[in-house]
2 protein chains.
Amino acid sequence: MTTKKFVEAITDMDVDFAQWYTDIVKKAELVDYSSVKGCMIIRPYGYALWENIQKELDFQFKQTDHENVYMPMFIPKSLLQKEADHVEGFAPEVAWVTHGGHDELAEPLAVRPTSETLFCEHFSKTVGSYNDLPKLYNQWCSVVRWEKTTRPFLRTTEFLWQEGHTAHATAEEAQAETIQMLNVYANFLEDFLAIPAIKGQKTEKEKFAGAKATYTIESLMHDGKALQSGTSHNFGDGFAKAFDIQYTDKNSKRQYVHQTSWGMTTRVIGALIMVHGDNSGLVLPPKVAPTQVMVIPIAQHKEGVIEKATELKNRISKIARVKIDTSDKMPGWKFNEYEMKGIPVRVEIGPKDIEKNQVVLVRRDTREKTIVSLDALEENITKLLQEIQTSLYEKALNNRTEKTYEATSMEELKQISDEKQGFIKAMWCQDLACEEQIKEEAGLTSRCIPFEQEQLAETCVCCGKKTDVMVYWGKAY
Amino acid sequence: MTTKKFVEAITDMDVDFAQWYTDIVKKAELVDYSSVKGCMIIRPYGYALWENIQKELDFQFKQTDHENVYMPMFIPKSLLQKEADHVEGFAPEVAWVTHGGHDELAEPLAVRPTSETLFCEHFSKTVGSYNDLPKLYNQWCSVVRWEKTTRPFLRTTEFLWQEGHTAHATAEEAQAETIQMLNVYANFLEDFLAIPAIKGQKTEKEKFAGAKATYTIESLMHDGKALQSGTSHNFGDGFAKAFDIQYTDKNSKRQYVHQTSWGMTTRVIGALIMVHGDNSGLVLPPKVAPTQVMVIPIAQHKEGVIEKATELKNRISKIARVKIDTSDKMPGWKFNEYEMKGIPVRVEIGPKDIEKNQVVLVRRDTREKTIVSLDALEENITKLLQEIQTSLYEKALNNRTEKTYEATSMEELKQISDEKQGFIKAMWCQDLACEEQIKEEAGLTSRCIPFEQEQLAETCVCCGKKTDVMVYWGKAY
């Protein structure tokens with residue numbers, strides 16, 4: 001009996017990446033579908049990932065002096081309409097509550113697609129003088145955007161996220177906050193999720209509805225498609241003017257506040273899957289893995305094996321999140337199951353190992369086996385977890401480097417877009433017309449104007465006008 | 001200049017308890033009103049309370065092997081209607097989404113008032129054999145119930161809560177789970193929030209829509225009104241039959257599962273206010289207080305005072321949640337402000353204290369001042385925080401004891417209800433007619449049939465029929 005039969009195989013990622021993704025979210029028990037179209041059920045293993053993400057981000061937010069609050073999930077229609085660009089951007093995807101109990105409401109309520117308008121209304125009531133600033137708020141909640149086609153984590157009608165909302169006395173402070181939070185996101189993505197991030201600014205076309213400037217971190221999936229992984233918006237005083245949010249400065253002069261907002265969502269779980277996963281299932285970076293080490297006794301019916309395995313589990317619990325599986329399933333079944341779940345390290349211990357005072361450690365990412373002395377168990381596991389975290393990041397970075405191309409003419413741009421999938425760097429004149437032409441002819445959207453600029457050519461890839469602006473283009477989830 | 005002028009006084013609780021409550025939630029900056037009728041904004045200080053409550057409860061749930069999940073916030077109308085009693089109970093207070101974007105939906109979606117139906121649908125798909133049981137799930141989210149009259153924390157259209165949902169192989173296991181979680185709630189209320197809890201069962205009339213039995217913890221507010229502070233429901237196999245949730249047992253026989261659900265909400269913050277608060281504002285038990293100790297420098301312009309105060313704050317931060325206020329506001333203003341916020345211990349340190357190597361500790365609850373040596377700072381603060389926690393519980397218990405009455409006839413019941421406010425213990429025959437008559441004539445609802453029974457009389461207080469069942473009656477929030 002081979003181990004292959006224990007778990008039904010998932011689709012090969014090189015054959016059908018989309019199906020491979022769907023197989024993983026189901027087989028690793030991350031989500032389930034519900035009878036509510038476009039909404040997902042986040043199962044315990046998926047939610048444990050989100051809890052670890054929340055915990056780390058919440059810590060970072062508090063370290064940078066932000067406080068959590070909770071706003072209502074409903075927004076009256078008239079309130080949503082106060083900022084013109086904002087409502088135009090969101091109206092097509094709003095879910096509307098029209099009845100409460102048996103009565104029709106006098107005014108429809110939007111289920112929040114995002115909460116700028118509620119925070120603005122609150123700021124307009126609670127900001128009086130410069131002493132009240134800055135307001136540095138965050139909220140954890142779910143939001144709803146009516147989507148036609150949905151995929152678990154990547155695009156769902158309802159999703160979980162955090163949304164930061166801040167108000168500042170000056171434009172400089174608001175800009176510093178916007179960039180600070182983009183950096184928090186980028187560091188989180190790189191250090192915690194082991195996903196390389198490109199930091200940059202969105203074009204006018206792609207910016208948030210109502211923002212003066214939107215900054216983004218863009219990451220590249222294994223298949224070469226891009227994923228916007230977090231955004232940070234500087235609103236200037238646009239919302240402040242629409243909602244009349246003023247404060248009295250030190251010279252007793254009335255001034256409008258300057259605002260920001262920033263958000264990261266359950267989408268990043270999609271990124272985790274598509275950046276690190278392989279044909280055996282999930283591969284989780286140790287920092288975010290709900291279980292970092294799984295202990296599996298071999299020939300567990302033999303005397304002393306389960307006892308020794310439990311002893312190891314207890315030792316490891318002091319340095320890592322560890323579980324043990326002493327169920328009567330075959331070891332091969334267990335190997336497959338925890339590979340599917342992406343648990344970073346497997347510890348195998350059987351009668352022969354006990355005899356030799358050793359243990360077998362197996363990395364999920366490379367499947368490399370090492371035999372280590374029981375006396376050096378803790379230090380080896382700690383080292384291995386660190387190595388896996390680093391090595392996953394490097395592998396993802398290599399994949400991105402391999403799949404990042406350059407184009408200096410439309411011909412080249414179209415050819416790369418036809419033949420390859422990845423980031424394409426190309427110069428752009430900042431005209432909407434060229435951005436739209438690139439989308440139409442090459443099927444590419446601008447991902448961002450990266451902070452790290454390169455002068456690949458003197459002229460716009462589309463119209464030939466002189467420019468010194470380079471853009472990352474790509475096909476995006 | 002007296003300290004009284006610094007903070008606008010709140011209404012005297014003995015003059016107008018309802019207004020006193022409203023004043024506190026506003027002045028302690030727990031909530032703000034929004035333009036969404038019946039919904040509240042939970043401000044940073046209020047949310048910090050909820051975060052501490054969440055953290056402790058979540059720990060307790062995980063200790064008892066529950067896993068967190070997330071279900072959609074929408075429930076299709078047809079799904080909500082599957083269990084007859086359940087939909088009848090909730091339909092009058094459901095908010096309905098009828099439009100998504102610009103289109104009318106084929107089927108209206110309820111914004112979840114509670115999630116039994118969603119969990120049932122999920123269980124029906126994921127429970128196959130006895131190996132899949134028990135399912136021990138919890139979810140943190142907000143729910144919506146359309147309310148006509150609302151009050152912050154106590155009754156709002158949207159509120160935050162956790163809802164546990166479990167499925168078991170046997171009726172015995174389901175009953176054990178129901179009682180286990182009731183005990184988790186009762187211990188949490190008593191140990192963490194310092195609020196005495198009466199554990200008991202709801203009458204048929206007051207039980208949850210769709211439950212076989214509802215258990216509750218009831219607490220008494222300072223004004224003698226009762227507050228239902230947490231409930232735990234045993235569903236038997238009623239939902240399992242409505243949703244066809246079956247498993248194959250060890251003898252290959254198909255069996256229905258037995259289910260429970262249990263919930264605690266932001267209401268308990270209302271209880272915290274109304275059990276412990278006084279005419280100077282909030283009084284918080286140390287275990288739930290976001291800030292346990294506030295350091296206030298006296299004559300802080302004098303050399304060395306702020307430095308010494310900061311040194312103390314750093315020392316205290318190793319043993320408690322501590323803050324320091326070095327703003328240029330007068331100490332009297334600061335005293336009032338942090339009394340309003342209910343911070344358990346105030347540390348005052350001025351030039352004279354520094355000279356004498358001492359510090360002044362002031363308890364929020366009793367306002368008792370003690371002067372302690374700086375050498376014994378940590379041990380005195382630790383001791384004081386424990387004392388406050390215990391003493392708040394005892395004070396609340398005394399208040400409840402004082403306001404708990406007994407009645408053995410309808411005359412007596414009506415008289416007590418007219419003249420006093422509190423719990424009234426009285427015998428009841430378990431007939432709905434008597435329960436309704438007591439409500440109509442004495443204005444009292446049954447709070448619970450307590451686990452700790454007393455034989456106050458031989459007969460029902462209303463009809464005179466023989467009974468050995470005692471009930472707590474009261475007026476409730």
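Protein chains get the first letters and strands the later ones, always in sequence-line order, with residue 1 at the start of each.
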Contact winner vs chain B - [options], heavy-atom pairs under 4.5 Å:
options                        : value
Val111(A), Asn138(A), Leu79(A) : Val111(A)
Tyr45(A), Trp140(A), Tyr137(A) : Tyr137(A)
Phe90(A), Tyr70(A), Phe74(A)   : Tyr70(A)
Met73(A), Glu29(A), Arg145(A)  : Met73(A)
Leu105(A), Ile75(A), Thr157(A) : Leu105(A)
Ser34(A), Ala95(A), Pro72(A)   : Pro72(A)

Does a side-chain heavy-atom distance below 4.5 Å link [X] with [Y]?
X         : Y         : answer
Thr98(A)  : Val97(B)  : no
Ile41(A)  : Val69(B)  : no
Pro92(B)  : His102(A) : yes
Thr126(A) : Asp32(B)  : yes

Side chain, backbone, both or neither of [X] within contact of chain B (heavy atoms, under 4.5 Å):
X         : answer
Lys55(A)  : neither
Val144(A) : side chain
Asp58(A)  : side chain
Leu109(A) : side chain
Trp96(A)  : both
Glu51(A)  : side chain

To the nearest 0.5 Å, how far apart are CG in Asp103(B) and CH2 in Trp146(A)?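 It is 10.0 Å, given to the nearest 0.5 Å.
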What's the separation between atom CE in Met71(B) and atom CZ in Arg43(A), rounded to the nearest 0.5 Å?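 CZ of Arg43(A) is found 9.0 Å from CE of Met71(B).
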When heavy-atom pairs shorter than 4.5 Å are enumerated against chain A, which of [options] gives the highest number?
options                        : result
Val31(B), Thr156(B), Ile42(B)  : Ile42(B)
Lys37(B), His122(B), Glu107(B) : His122(B)
Ser142(B), Pro44(B), Cys39(B)  : Pro44(B)

Can a side-chain donor-acceptor contact be found between Ser35(A) and Glu121(B) if the only test is distance below 3.5 angstrom?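 Result is yes, a qualifying pair exists.
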Whether Lys125(A) side chain and Tyr33(B) backbone form a donor-acceptor pair below 3.5 Å: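 Checking the backbone N and O of Tyr33(B) against the side chain of Lys125(A), a donor-acceptor pair under 3.5 Å is found.
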